*Asks:* 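Please read through the structure below; I'll follow up with questions.
Since this is a predicted model, take the numbers as computed values, not measurements. So that the names make sense, note that chain A is the first sequence line, chain B the second, and so on, each numbered from 1.
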Amino acid sequence: MISTPIRRLSRAQKMILSWYSINGRQGLPWRTTRDPYRVLVSELMLQQTQVSRVIPKYAAFIADFPTIQSLADAERTAVLRRWQGLGYNNRAVRLHALAKLVRDEYGGRIPRDYEGLRKLPGIGPYTAGAIMGFAYDSPAPCVDVNIQRVIARIGWDAKRGVSHDEIAEAALRLVTASRSPHEWHSALMDFGSTVCTAKNPGCASCGLRGICASKGARGDENDASAPQSRFSGSVRWHRGQVLRALLQGPKTVQELQSIKSADKELLQEAIAAMERERLIKLRGMRVILRNDG
DNA sequence: CTCCCGACTA
DNA sequence: TAGTCGGGAG
């Protein structure tokens with residue numbers, strides 16, 4: 001009989017788990033804790049940021065802010081300082097706001113349910129599901145691009161195409177069937193980042209060759225992304241420079257313009273954007289990092 | 001130069 | 001639903 005995607009995926013699940021028991025990434029610091037606060041911090045950091053870059057930042061951050069209480073009580077600038085190098089600084093602002101919200105409105109307790117987590121700033125559909133799985137070992141929708149890719153490839157022929165909804169449904173079915181969402185999502189992610197990679201997937205040595213609907217596909221099946229514009233000299237780069245400077249203390253616009261290699265117009269653009277986002281404020285000629293807002 | 005990759009906002 | 005948000009490794 002014809003193998004359905006669900007059937008294929010169900011078989012693949014066992015194989016991925018067995019692959020994981022041997023090849024899983026050991027020693028990821030957020031995998032050895034079930035503390036919802038630590039899991040939450042790691043997931044916020046891992047949004048848009050590679051594992052290798054998060055590891056040292058996570059350790060330093062947890063050392064400084066070991067509990068959600070300590071984070072809520074900290075100055076925003078102190079949080080931003082510890083976030084330096086991770087990028088997307090608004091994630092740090094949201095995390096700090098989240099901590100204060102939990103302290104002031106939730107009695108210091110992070111919600112234990114998906115919908116409750118979703119209400120918190122910075123927690124979207126993926127992160128809520130990830131926390132459910134990694135902190136509470138509870139099945140919930142949890143589809144990032146890696147999980148999406150692995151499930152799509154195994155279940156459906158890469159040359160065809162499958163809706164996100166179908167993948168989400170299959171993913172939920174799999175995690176619900178698993179004995180441990182924590183183990184299953186860890187396995188899926190490790191498999192996706194080391195074997196079933198976006199480009200040049202390791203099909204040749206993959207144990208799932210026999211059942212995968214997309215075996216041998218070259219990767220990047222539906223890649224229509226535009227080439228990335230350069231970072232150096234961009235507005236984004238200027239934002240980073242401005243933040244770095246202001247972390248040392250208030251600066252005048254003049255002083256900011258003397259930043260090495262800074263462009264006057266792009267710097268103005270960066271300052272305007274950061275002000276709109278309430279990251280900074282202008283007091284006369286002085287620019288300062290906001291501690292609220 | 002390319003790659004990574006979720007949440008929020010308008 | 002399109003645009004914005006990073007910064008370092010390779």
*Asks:* If we take the P atom in both B:dT9 and C:dG6, what is their distance in whole Å?
*Replies:* 15 Å

*Asks:* Distance criterion of 3.5 Å, no angle test: do you see the side chain of A:Gln50 paired donor-to-acceptor with the base of B:dC3?
*Replies:* no

*Asks:* Check the surroundings of atom CZ in A:Arg76: do more than 12 heavy atoms from other residues, nucleotides or ligands lie under 6.0 Å from it?
*Replies:* yes

*Asks:* With ring pair (Phe, Tyr, Trp, His ring centres under 6.0 Å) as the test, would you mind laying out the steps for A:Phe134 and A:Trp30 before giving the verdict?
*Replies:* CA-CA 9 Å; A:Phe134 291 127; A:Trp30 45 88; 9.5 Å; no

*Asks:* Around A:Arg290, counting heavy atoms of other residues, nucleotides and ligands shown, do more than 12 lie under 6.0 Å from its CZ?
*Replies:* yes

*Asks:* Tell me the interatomic distance from A:Asn146, atom CG, to B:dC4, atom C1', rounded to whole angstroms.
*Replies:* 9 Å

*Asks:* Just checking, is any N or O donor in the side chain of A:Tyr126 or A:Glu43 under 3.5 Å from an acceptor N or O on the other one?
*Replies:* yes

*Asks:* Name the first nucleotide and the last nucleotide along DNA chain C (5' to 3') that come under 4.0 Å of a heavy atom in chain A.
*Replies:* C:dC5 to C:dG8

*Asks:* Contact class for A:Thr127 (heavy atom, under 4.0 Å): base, sugar-phosphate, or nothing?
*Replies:* sugar-phosphate

*Asks:* Compare the minimum distances between each of B:dC4, B:dG6, B:dC1 and the side chain of A:Val145, then state the nucleotide with the smallest one.
*Replies:* B:dG6

*Asks:* Taking any heavy-atom pair under 4.0 Å as a contact, classify A:Tyr126: base, sugar-phosphate, or nothing.
*Replies:* sugar-phosphate

*Asks:* Using a heavy-atom cut-off of 4.0 Å across all strands, would you classify A:Leu46 as base, sugar-phosphate, or nothing?
*Replies:* nothing

